[in-house]
There are 2 protein chains.
Amino acid sequence: MSRNTVGKSKILEIIQSSPIALSHATIQEQMKGTCDRVTIYRILERLVKENEIHRIVNVNGVVNFAACKSCSHSSHHHDHLHFSCTTCGELTCFEDQSVDLKLPSNFIIQEYQLTVAGLCGKCS
Amino acid sequence: MSRNTVGKSKILEIIQSSPIALSHATIQEQMKGTCDRVTIYRILERLVKENEIHRIVNVNGVVNFAACKSCSHSSHHHDHLHFSCTTCGELTCFEDQSVDLKLPSNFIIQEYQLTVAGLCGKCS
DNA sequence: GTTAATTTCGCAACACAGTTGCATAAATAT
DNA sequence: ATATTTATGCAACTGTGTTGCGAAATTAAC
Ligand SMILES: [Zn+2]
Ligand SMILES: [Zn+2]
Ligand SMILES: [Zn+2]
Ligand SMILES: [Zn+2]
């Protein structure tokens with residue numbers, strides 16, 4: 001396990017206390033200069049590796065991060081759906097929505113990226 | 001409708017004759033210097049607007065383009081699944097796979113980005 | 001406690017995808 | 001033939017993410 005530093009704890013707390021997924025840029029803002037850009041990238045990488053958070057590629061190509069809630073540390077699955085609002089920009093996890101896919105049997109799935117974009121409840 | 005230029009026709013042909021989705025970089029390679037980088041970006045933008053091609057954000061965040069086959073020009077839908085191979089890098093459309101999602105009724109879906117990554121038939 | 005090994009951090013520099021402004025060129029319209 | 005519109009090329013720029021490296025901070029060993 002990697003070390004628990006001040007920056008790491010703070011970043012994890014920011015992500016865990018957010019109802020929506022956050023981008024690196026947003027996290028950096030909230031860190032208010034207490035951490036270097038690159039350090040934030042590396043901490044996020046560590047947190048992903050330790051199954052504390054998961055990464056979602058938004059429809060604009062930018063990576064966002066959200067806390068892992070329903071997935072235990074032993075069985076880690078991120079096959080749930082994400083919704084990205086085109087107005088307010090919020091990226092929400094639908095952890096209850098696991099989509100079942102029918103692919104040819106010789107296809108081996110390693111990673112999911114299931115996101116729909118549109119207007120969220122607030123903006124519609 | 002935008003104008004039909006040499007570059008536009010060539011790029012459309014490259015995309016239509018490809019069994020997999022292509023990135024801007026790959027298209028630029030196949031254009032062999034006949035077109036400027038920026039021009040290619042703008043032509044792709046036009047082709048998307050005219051419903052000739054659709055854009056897929058790959059798991060690495062890079063945008064890829066594929067020809068529109070099953071969708072007519074009147075009813076345009078891109079709710080199908082994509083598969084991105086982590087070994088050979090190929091991004092394939094599964095136009096027959098339309099995933100059904102159950103979102104809260106006040107959520108309005110505008111755009112789909114349904115991609116799974118892993119090992120394709122050739123690489124598994 | 002002092003020293004050595006490991007990990008983290010900050011800074012600079014880089015790679016890459018994508019965008020914008022502007023002048024020129026080409027195609028349409030009058 | 002002239003004016004208007006659209007497309008192109010070039011340069012410069014933005015934003016996201018990465019890599020190398022030396023310094024600082026932790027942890028382990030003695
Ligand atoms: Zn919204
Ligand atoms: Zn999620
Ligand atoms: Zn493959
Ligand atoms: Zn497709």
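Numbered from 1 within each chain, the chains take letters A, B, ... in sequence-line order. Computed from heavy atoms alone, side chains included, the values below leave out hydrogens, waters and symmetry copies.
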Which label fits F83(B) and F107(A): parallel for a plane angle under 30°, tilted from 30 to 60°, or perpendicular past 60°?
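It falls in the perpendicular class, over 60°.
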
Round to a whole Å and report the spacing from [atom1] of [X] to [atom2] of [N].
X      : N       : atom1 : atom2 : answer
K8(B)  : dA26(C) : NZ    : P     : 19 Å
Q28(A) : dG17(D) : CD    : P     : 11 Å
Y41(A) : dT19(D) : OH    : C1'   : 14 Å

Classify S2(A) by what it touches in the nucleic acid, base, sugar-phosphate, or nothing, heavy-atom distance under 4.0 Å.
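Sugar-phosphate: the residue S2(A), judged by heavy atoms under 4.0 Å, touches backbone atoms but no base.
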
Give a yes-or-no answer on whether the side chains of S2(A) and K8(A) include a donor-acceptor pair shorter than 3.5 Å.
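There is such a pair (donor and acceptor under 3.5 Å, judged by atom type) between the side chains of S2(A) and K8(A).
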
Can you see whether N106(A) engages S124(B) through a side-chain donor-acceptor pair at a distance of less than 3.5 angstrom?
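Result is no, nothing qualifies.
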
Closest to the R42(B) side chain: dG21(C), dT19(C), dT8(C)?
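The listed nucleotide nearest to R42(B)'s side chain is dG21(C).
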
Nearest listed nucleotide, side chain of H24(A), among dG17(D), dC9(C), dT18(D):
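The closest nucleotide is dG17(D).
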
Any residue in residues 14-21 of chain B with a heavy atom nearer than 4.0 angstrom to DNA chain C? Just list them by number, or reply none.
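Heavy-atom contacts with DNA chain C come from no residue of residues 14-21 of chain B; none.
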
Can you tell me if T115(B) uses its side chain to pair, donor with acceptor, with the backbone of Q113(A) under 3.5 Å?
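No.
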
Listing request: all side chain to side chain donor-acceptor pair (under 3.5 Å) pairs with a residue in residues 13-22 of chain B, at least two apart in sequence or in separate chains.
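The answer is none; no pair qualifies.
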
